[in-house]
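Numbering of residues begins at 1 and proceeds along the displayed sequence. Scope of the values below: all heavy atoms of this structure, side chains included, with no hydrogens, waters or symmetry mates.
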Amino acid sequence: MKTFYRKTFRLWRLLVAAILIAPWIIGLGTTPVYAAGTHQVPFGGFFSGAVAFGSNGAPQFNGNGIATYLGRITNEGYVVFTAVPADCVGGVPNDNFETLTAANGDSLTIVSHDVACPIAQNVYHGSGHWEVLGGTGRFSDASGHGTLDGYSDFNRGVFYIQLTGTISAPGGK
């Protein structure tokens, strides 16, 4: 009987050890270990300015605002129309490419995938999601994603865009 309990206890210890060690063996550790550029932190931004149609007929954005980890920013952006079905009558599906540049020259480039829904003649409300495409300086290895809410009034030539989400912790470059 002692032998049975001894073997059962050894088997139990082996099973508990396997359960505790297995996550590290297969790379799923219970304690997060962050590789450079993967630790996500909250991110938000708001920018506004002038919107106009470019020579290709697509909107172009130029403005300024503020963003987490960048501080005061300037932005330059352009739209590429897409064939994604619109979820509103008269909606314009698009990819909006924006480069946000800090005063020190560091930049973050994102693309938002959204649909601009008409709310009045030549006035649109857009919403969707964005993701980081790249960056420079502290943001050269950036990643991230989130949601976007925007407004463009082509009658007055103005826009605003608000971003909410997460990005990888900025590097110290």
same_hphob_cluster(Ile161, Phe154) at 4.5 Å side-chain heavy-atom cutoff: yes
Phe159 versus Ser152, closest heavy-atom pair with distance: CB-OG, 3.9 Å
Same cluster (ILVMFWY, side-chain, under 4.5 Å), Val92 and Leu148: yes
Beyond-backbone contact of Ile167 with Phe139, side-chain heavy atoms, under 4.5 angstrom: yes
Qualifying residues under side chain to side chain contact (heavy atoms under 4.5 Å, CB included), relative to Val111, sequence neighbours excluded: Asp95, Phe97, His113, Glu131, Leu133
Hydrophobic cluster partners of Val84 (side-chain heavy atoms under 4.5 Å): none
Asp106 versus Asn104, side-chain donor and acceptor atoms under 3.5 Å: yes
Check against ring-ring contact (aromatic ring centres under 6.0 Å, His included), Phe43 and Tyr69: CA-CA 8 Å; Phe43 177 79; Tyr69 306 107; 7.1 Å; no
Short side-chain donor-acceptor distance under 3.5 Å, Thr147 and Thr164: no
Summary of disulfide bond (SG atoms under 2.5 Å apart) pairs that have at least one residue in residues 118-160, sequence neighbours excluded: none
Residues that Asn64 engages under side-chain hydrogen bond (donor to acceptor under 3.5 Å, both in side chains), provided they are two or more places apart: none
CG on Leu100 to CG on Asn75, rounded to 0.5 Å: 6.5 Å
Nearest heavy-atom neighbours spanning Val51 and Val158: CG1-O, 3.3 Å
side-chain hydrogen bond (donor to acceptor under 3.5 Å, both in side chains) involving Asp87 - partner list, sequence neighbours excluded: none
Min side-chain heavy-atom separation Ser112-His129 under 4.5 Å: no
Asp149 and Gln162: side chain donor to acceptor below 3.5 Å: no
Nonpolar side-chain network containing Ile66, other nodes, edges under 4.5 Å: none
Residue pairs passing the disulfide bond (SG atoms under 2.5 Å apart) test where at least one lies in residues 39-105, sequence neighbours excluded: Cys88-Cys117
Backbone of Gly44 reached by a side-chain donor or acceptor of Thr68 within 3.5 Å: yes
Check: residues 54-63 side-chain donor-acceptor pairs under 3.5 Å, at least two apart:
residue, atom, partner, partner atom, Å
Asn56, OD1, Ala58, N, 3.0

Beyond-backbone contact of Tyr124 with Val115, side-chain heavy atoms, under 4.5 angstrom: no
Residue list, side-chain hydrogen bond (donor to acceptor under 3.5 Å, both in side chains) with Ser48, at least two apart or on another chain: none
Side-chain donor-acceptor contact under 3.5 Å, Thr99 with Ser107: no
Partner set under side-chain hydrogen bond (donor to acceptor under 3.5 Å, both in side chains) for Thr101, not counting sequence neighbours: none
Members sharing Phe46's hydrophobic cluster (side chains within less than 4.5 Å): Ile119, Val123, Tyr151, Tyr160
Path from Trp130 to Phe81 over hydrophobic side-chain contacts below 4.5 Å: yes
side-chain contact (heavy atoms from CB on, under 4.5 Å) partner of Leu108, chosen from Leu163, Thr136, Val132: Val132
Contact summary for Gln40 and Ser143, nearest pair of heavy atoms: NE2-OG, 3.2 Å
Sub-4.5 Å side-chain heavy-atom contact between Glu98 and Phe47: yes
Contacts of type salt bridge (charged side-chain N to carboxylate O under 4.0 Å, His left out), residue Arg156, not counting sequence neighbours: Asp153
Nearest atoms (heavy-atom pairs only) where Ala142 meets Ser168: CA-OG, 3.2 Å
